[in-house]
Amino acid sequence: MAYEKELDAAKKAASLAARLCQKVQKALLQSDVQSKSDKSPVTVADYGSQAVVSLLLQRELSSEPFSLVAEEDSADLRKEGSQDIIERITKLVNDTLATEDPLKPIDSTLSTDDILRAIDCGTSEGGPNGRHWVLDPIDGTKGFLRGDQYAVALGLLEEGKVVLGVLACPNLPLASIAGNDNKNKNSSSSEEKGCLFYATIGSGTYMQPLDSNSDPVKVHVSSVENPEDASFFESFEGAHSLHDLSSSIANKLGVKAPPVRIDSQAKYGALSRGDGAIYLRFPHKGYCEKIWDHVAGAIVVTGNN
């Protein structure tokens with residue numbers, strides 16, 4: 001299979017990063033920190049996730065030139081007074097990497113400088129030539145804060161074309177979310193949850209449980225052709241998309257089902273397995289879309305057509 005080595009590395013990196021995020025989200029919810037104005041726990045998870053992905057990809061693909069276009073850099077972490085948060089991130093990353101293979105002895109503990117360098121590997125400018133990884137370490141910040149949907153989204157560009165994508169969605173139920181109305185499935189649900197979606201160009205899209213070695217299943221987008229029978233997804237937050245415009249377009253198309261509103265690129269994963277047929281996103285005027293918000297999700301959806 002094309003990109004087999006890269007896919008294995010990407011799945012491992014995204015899964016480990018998701019494990020780190022789950023740990024932070026659990027503590028955040030237990031302490032009710034999400035209700036405060038200080039968003040440092042999210043920053044910890046964002047930075048930690050990016051460091052884990054950067055370190056794993058470089059280790060697993062050490063023979064290749066490495067370029068990572070990612071959302072974060074270490075500028076704020078290098079400011080005076082940030083030592084405590086850097087140490088928290090460093091411990092999180094070391095603890096997470098230690099869970100990768102509990103029977104394998106740890107070669108060395110990463111220092112804060114190691115972590116800062118790993119984060120700053122994400123400052124590549126990318127471009128239409130060569131190979132570039134693209135990462136959103138936590139896509140769906142507000143969903144993460146509420147205990148709802150978020151995703152670790154990792155994609156690979158080669159000569160300007162998306163060739164691989166992985167979405168780790170820790171809170172997305174393994175069962176279909178079709179017909180859930182406006183309910184945003186959250187981490188308190190007793191449903192079995194945690195999905196890993198992945199696709200490589202020309203090979204289709206697959207889904208498997210995030211935290212198990214179960215065999216992956218090939219998934220397919222919805223076969224619904226009549227808009228009256230279709231359901232559609234949109235962003236959970238009104239600040240991220242024009243809900244009124246989406247509703248108007250859905251009405252004109254004849255869509256009868258209410259929108260299913262979900263945070264993050266978890267929407268792309270749900271679309272790829274046919275939970276919905278349409279995704280409407282119309283950003284507010286002046287908003288600039290970021291490449292890491294769509295690369296992984298786009299190939300996960302289009303890879304199975």
Side-chain angles (χ1 to χ4, degrees), residues 1-15 17-18 53 56-57 60-61 64 67-70 126 128 130-137 139-140 149-170 172-178 194-210 214-225 230-234 260 262-281 289-305:
M1 182 181 69
Y3 302 104
E4 183 173 4
K5 179 175 64 173
E6 292 84 356
L7 178 61
D8 286 344
K11 288 168 62 180
K12 182 184 293 186
S15 297
V53 171
L56 257 292
L57 290 180
E60 298 291 317
L61 305 171
E64 302 176 9
S67 171
L68 177 65
V69 181
R131 177 176 284 191
H132 309 283
W133 291 94
V134 179
L135 170 70
D136 194 333
D139 183 47
Q149 298 303 332
Y150 67 97
V152 178
L154 179 61
L156 178 61
L157 296 178
E158 188 153 43
E159 304 304 323
K161 187 173 185 177
V162 186
V163 296
L164 179 156
V166 175
L167 290 176
C169 307
L172 187 68
L174 289 169
S176 173
I177 61 170
C195 302
L196 184 70
F197 299 92
Y198 59 89
T200 54
I201 191 166
S203 298
T205 299
Y206 294 82
M207 182 190 81
Q208 66 187 86
L210 182 58
S214 300
D215 291 336
V217 295
K218 195 167 188 177
V219 294
H220 301 277
V221 294
S222 172
S223 59
V224 170
E225 295 182 358
S231 61
F232 75 96
F233 293 159
E234 63 181 355
V260 178
I262 316 172
D263 296 289
S264 84
Q265 288 178 71
K267 288 186 288 293
Y268 283 117
L271 277 173
S272 76
R273 67 185 185 189
D275 292 8
I278 302 168
Y279 172 24
L280 297 175
R281 178 184 173 98
E289 294 281 9
K290 310 297 192 302
I291 188 173
W292 48 73
D293 288 329
H294 300 285
V295 161
I299 191 171
V300 163
V301 172
T302 61
N304 58 17
N305 288 339

Q) Got Arg273 and Leu172 here, is their nearest side-chain heavy-atom distance under 4.5 Å? A) yes

Q: Run through Val69, Ile291, Val295, Val152 and flag the one making a side-chain contact (heavy atoms from CB on, under 4.5 Å) with Leu135.
A: Val152

Q: Dump the intermediate steps for side-chain contact (heavy atoms from CB on, under 4.5 Å) on Val260 and Asp275, then the final yes or no.
A: CA-CA 10 Å; Val260 178; Asp275 292 8; over 6 Å; no

Q) Any side-chain heavy atom of Asp8 sitting closer than 4.5 Å to one from Glu60? A) no

List the atom pairs, donor and acceptor, that lie under 3.5 Å between side-chain atoms in residues 160-169 and the rest of the protein, sequence neighbours left out.
none

Q. Does any non-hydrogen side-chain atom of Asp263 lie less than 4.5 Å from one of Tyr150?
A. no

(Q) Is any side-chain heavy atom of Glu158 closer than 4.5 Å to one of Glu6? (A) no

Q. Excluding sequence neighbours, so at least two apart, what forms ring pair (Phe, Tyr, Trp, His ring centres under 6.0 Å) with Tyr268?
A. Tyr279

(Q) Side chains of Tyr3 and Ser203, heavy atoms from C-beta outward: is any pair under 4.5 Å? (A) no

(Q) With rounding to the nearest 0.5 angstrom, report the CG to CH2 distance, Leu68 to Trp292. (A) 10.0 Å

Q. In Å, rounded to the nearest 0.5 Å, how long is the span from CD1 of Ile201 to OG1 of Thr302?
A. 8.5 Å

Q) Is the count of non-hydrogen atoms from other residues, nucleotides or ligands lying under 6.0 Å from Glu225 atom CD greater than 12? A) no

Q | Validation row: Val53, Pro137 side chains within 4.5 angstrom (heavy atoms) | A | no

Q) To the nearest 0.5 Å, what is the distance between CZ (Phe233) and CD1 (Ile278)? A) 10.5 Å

Q) Quick one: CD1 on Ile299 to OG1 on Thr200, what's the gap to the nearest 0.5 Å? A) 7.0 Å

**Q.** Atom pair CG (Asp139) and NZ (Lys290), whose distance is rounded to the nearest 0.5 Å
**A.** 11.5 Å

